[in-house]
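FYI, side chains are in, hydrogens and waters are out, and symmetry mates aren't considered; it's all heavy atoms of this structure. Ligands are counted one by one from 1 in listed order, and the atoms in each one are counted from 1 as well.
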Amino acid sequence: MGRILCVANQKGGVGKTTTAINLAAALAKAGYHTLVADFDPQCNATSGLGCRPILHHPLARGLPIHEAIVPTKVPGLELLPGTRSFRDVERLARDPELAPQIREQLRWGLAGYDFVLIDCPPSVGQLTKTALASSDEVLMPIQCEYFAMEGLAQMIEVIRQVMKSDAPKLQFAGILLTMYDHTLELTLEVEREVREFFGEIVFQTVIPRDVALAEAPSHGLPVIEYAPRSRGTRAYVELSWEVRELG
Ligand code: ATP
Ligand code: MG
């Protein structure tokens, strides 16, 4: 049985999708059978991997997920695309009664993978709760900026609730500092604050600001394929080592 990691933070634009795609690609490159599951109606993980959103989502319709899973350009990396279909998004996002069924579907469908990375939307709504409740671990990217800590308490409270009611085995994989710029005093300040407050659950690896990470999705590729020698690639490979050590 593999590990299901949920990449979540209610704050938008902190690097959730970038992390889901590039951590997954680094794991696949290391020989692990890996899946990205796109739970965000924006479908950024789907297009970032050069794939198309699906019209009908199996999770909204009680269908097996394997029929919707597609290969990507990275060997060993597959994708459960997201959907923009209003009806399916509404069902997935609004119907709490669907959650246990979705969890069951995911557990069955994901059994063959070494790693599954779920990319969440920027909210603490039902979609994120379902994703959390279906996961073994949660990975929370935090952008090294002034408002980084804001809203974090709410996110952590939601994670606690899910741990209590639906997923007693859910664990913190860790907090990841993204868009890190060591030349900025602000970055170093945020890092100090986050490490002081959260201690060991903060990953040692930090993800630098790197334009290759921003460009890669427009080519439908993870950074490891688009710019293998970039700093972004190195950072996500290092993160993949840390994540593997946790297992
Ligand atoms: P949303 O909440 O909308 O889903 P997100 O948390 O998934 O956003 P991303 O889409 O991964 O965040 O990143 C936001 C933007 O910042 C994107 O344009 C992405 O390409 C860019 N970006 C992410 N990480 C980095 C980085 N380390 N260096 C440079 N650009 C980055
Ligand atoms: Mg995203």
Side-chain angles (χ1 to χ4, degrees), residues 5-26 36-51 53 79-84 89 92-93 117-129 131-132 135 138-152 154-155 158-159 173-184 186-188 190-191 194 203-240 242:
L5 283 96
C6 185
V7 184
N9 186 340
Q10 84 202 81
K11 213 164 152 46
V14 296
K16 292 182 288 296
T17 303
T18 305
T19 298
I21 289 178
N22 292 304
L23 174 57
V36 171
D38 189 354
F39 265 50
D40 185 354
Q42 298 182 96
C43 298
N44 294 149
T46 301
S47 55
L49 282 167
C51 300
L79 170 76
L80 173 61
T83 184
R84 290 185 185 132
V89 169
L92 287 169
L117 278 289
I118 304 183
D119 185 29
C120 286
S123 82
V124 282
Q126 188 57 44
L127 262 175
T128 297
K129 285 184 186 154
L132 283 168
S135 301
V138 49
L139 190 161
M140 203 192 301
I142 293 186
Q143 192 178 346
C144 294
E145 300 225 321
Y146 180 62
F147 294 120
M149 301 283 270
E150 217 150 272
L152 220 57
Q154 195 191 356
M155 184 74 223
V158 167
I159 293 170
I175 289 175
L176 176 68
L177 296 166
T178 63
M179 308 195 210
Y180 190 94
D181 181 346
H182 67 91
T183 65
L184 293 181
L186 180 60
T187 290
L188 303 177
V190 171
E191 176 174 32
V194 170
F203 286 106
Q204 285 304 315
T205 308
V206 297
I207 308 298
R209 230 175 227 293
D210 179 4
V211 69
L213 285 168
E215 287 170 356
S218 69
H219 299 268
L221 290 170
V223 73
I224 202 167
E225 296 283 348
Y226 173 71
R229 282 183 231 284
S230 62
R231 285 157 26 126
T233 294
R234 194 165 357 123
Y236 277 107
V237 167
E238 277 173 20
L239 177 66
S240 77
E242 252 192 276

Q. Non-hydrogen atoms of G232 versus ligand 1: any pair closer than 4.0 Å?
A. no
Q. Any sub-3.5 Å donor-acceptor pair from T233's side-chain atoms to A227's backbone N or O?
A. yes
Q) Do the non-hydrogen side-chain atoms of Q204 and E242 ever get within less than 4.5 Å of each other? A) yes
Q | Heavy-atom side-chain proximity of V124 to M155 below 4.5 angstrom | A | yes
Q: Verify, without hydrogens or angle tests, whether K16 (side chain) and C120 (backbone) share a donor-acceptor contact under 3.5 angstrom.
A: no
Q: Please check if the side chain of T178 supplies one atom and the backbone of I142 the other of a donor-acceptor pair under 3.5 Å.
A: yes
Q) Which atoms from ligand 1 have a heavy atom of I207 less than 4.0 Å away? A) 27 (N)
(Q) Please list the nearest protein heavy atom to atom 29 (C) of ligand 1 with its residue and the distance rounded to 0.1 Å. (A) D210 O, 3.3 Å
Q: Answer yes or no: is there a donor N or O on one side and an acceptor on the other, between the side chain of T46 and the main chain of G82, under 3.5 Å?
A: yes
Q) Quick one: does T17 get an N or O within less than 3.5 Å of an N or O on ligand 1? A) yes
Q: Check ligand 1 against A214 and write out every atom of the ligand that is under 4.0 Å from a heavy-atom position of the residue.
A: 20 (O), 30 (N)
Q) Is T83 close to F39 at the side-chain level, that is, under 4.5 Å between some pair of heavy atoms? A) no
Q) Say you draw a straight line from CG of L176 to CG of L23; how long is it, rounded to the nearest 0.5 Å? A) 8.5 Å
**Q.** Nitrogen or oxygen of D119 less than 3.5 angstrom from that of ligand 1
**A.** no
Q: Return yes or no for this condition: an N or O of P122 is under 3.5 Å from an N or O of ligand 1.
A: no
Q.
Can you report which non-hydrogen protein atom sits closest to atom 13 (O) of ligand 1, along with the distance?
A. T18 OG1, 3.7 Å
**Q.** Shortest protein heavy-atom distance from atom 8 (O) of ligand 1, along with the residue and atom involved
**A.** G13 N, 3.0 Å
Q) Starting from atom 12 (O) of ligand 1, which protein heavy atom do you reach first, and at what distance in Å? A) G15 N, 3.0 Å
(Q) A side-chain contact here means heavy atoms from C-beta on lying under 4.5 Å apart; do C144 and L184 qualify? (A) no
Q) Is K16 close to ligand 1, meaning an N/O of one under 3.5 Å from an N/O of the other? A) yes
Q. Ligand 1 versus D40, non-hydrogen atoms closer than 4.0 Å: side chain, backbone, both, neither?
A. side chain
Q) With a 4.0 Å heavy-atom cut-off (strictly under), which part of P217 contacts ligand 1: side chain, backbone, both or neither? A) neither
Q) Looking at G12, which atoms of ligand 1 are within less than 4.0 Å of one of its heavy atoms? A) 2 (O)
Q.
Looking only at protein heavy atoms, which one is nearest to atom 15 (C) of ligand 1, and what is the separation?
A. M179 CE, 4.7 Å
Q.
Does the protein place a non-hydrogen atom closer than 4.0 angstrom to atom 23 (C) of ligand 1?
A. yes
Q: Check whether any N, O or S atom of T17, backbone or side chain, sits closer than 2.8 Å to the Mg ion (ligand 2).
A: yes
Q) Looking only at distance, does V211 have an N or O less than 3.5 Å from an N or O of ligand 1? A) no
(Q) Test of understanding: given a 4.0 Å heavy-atom threshold, classify the contact between V14 and ligand 1 as side chain, backbone, both, or neither. (A) both
Q. Which value, rounded to the nearest 0.5 Å, describes the distance between L79 atom CG and D119 atom CG?
A. 10.0 Å
Q. Counting from 1, what ligand 1 atoms have a heavy atom of P208 closer than 4.0 Å?
A. 26 (C), 27 (N), 28 (N)
Q) Between the main-chain N or O of C43 and the side-chain N or O of S47, is there a donor-acceptor pair closer than 3.5 Å? A) yes
Q. Which of the numbered atoms in ligand 1 are below 4.0 angstrom from a heavy atom of Q42?
A. 1 (P), 3 (O), 4 (O)
**Q.** Main-chain N/O of P141 paired with N9 side-chain donor or acceptor, under 3.5 Å
**A.** yes
Q) Within the distance-only criterion (no hydrogens, no angle test), does the side chain of R234 pair as donor or acceptor with the backbone N or O of R229 below 3.5 angstrom? A) no
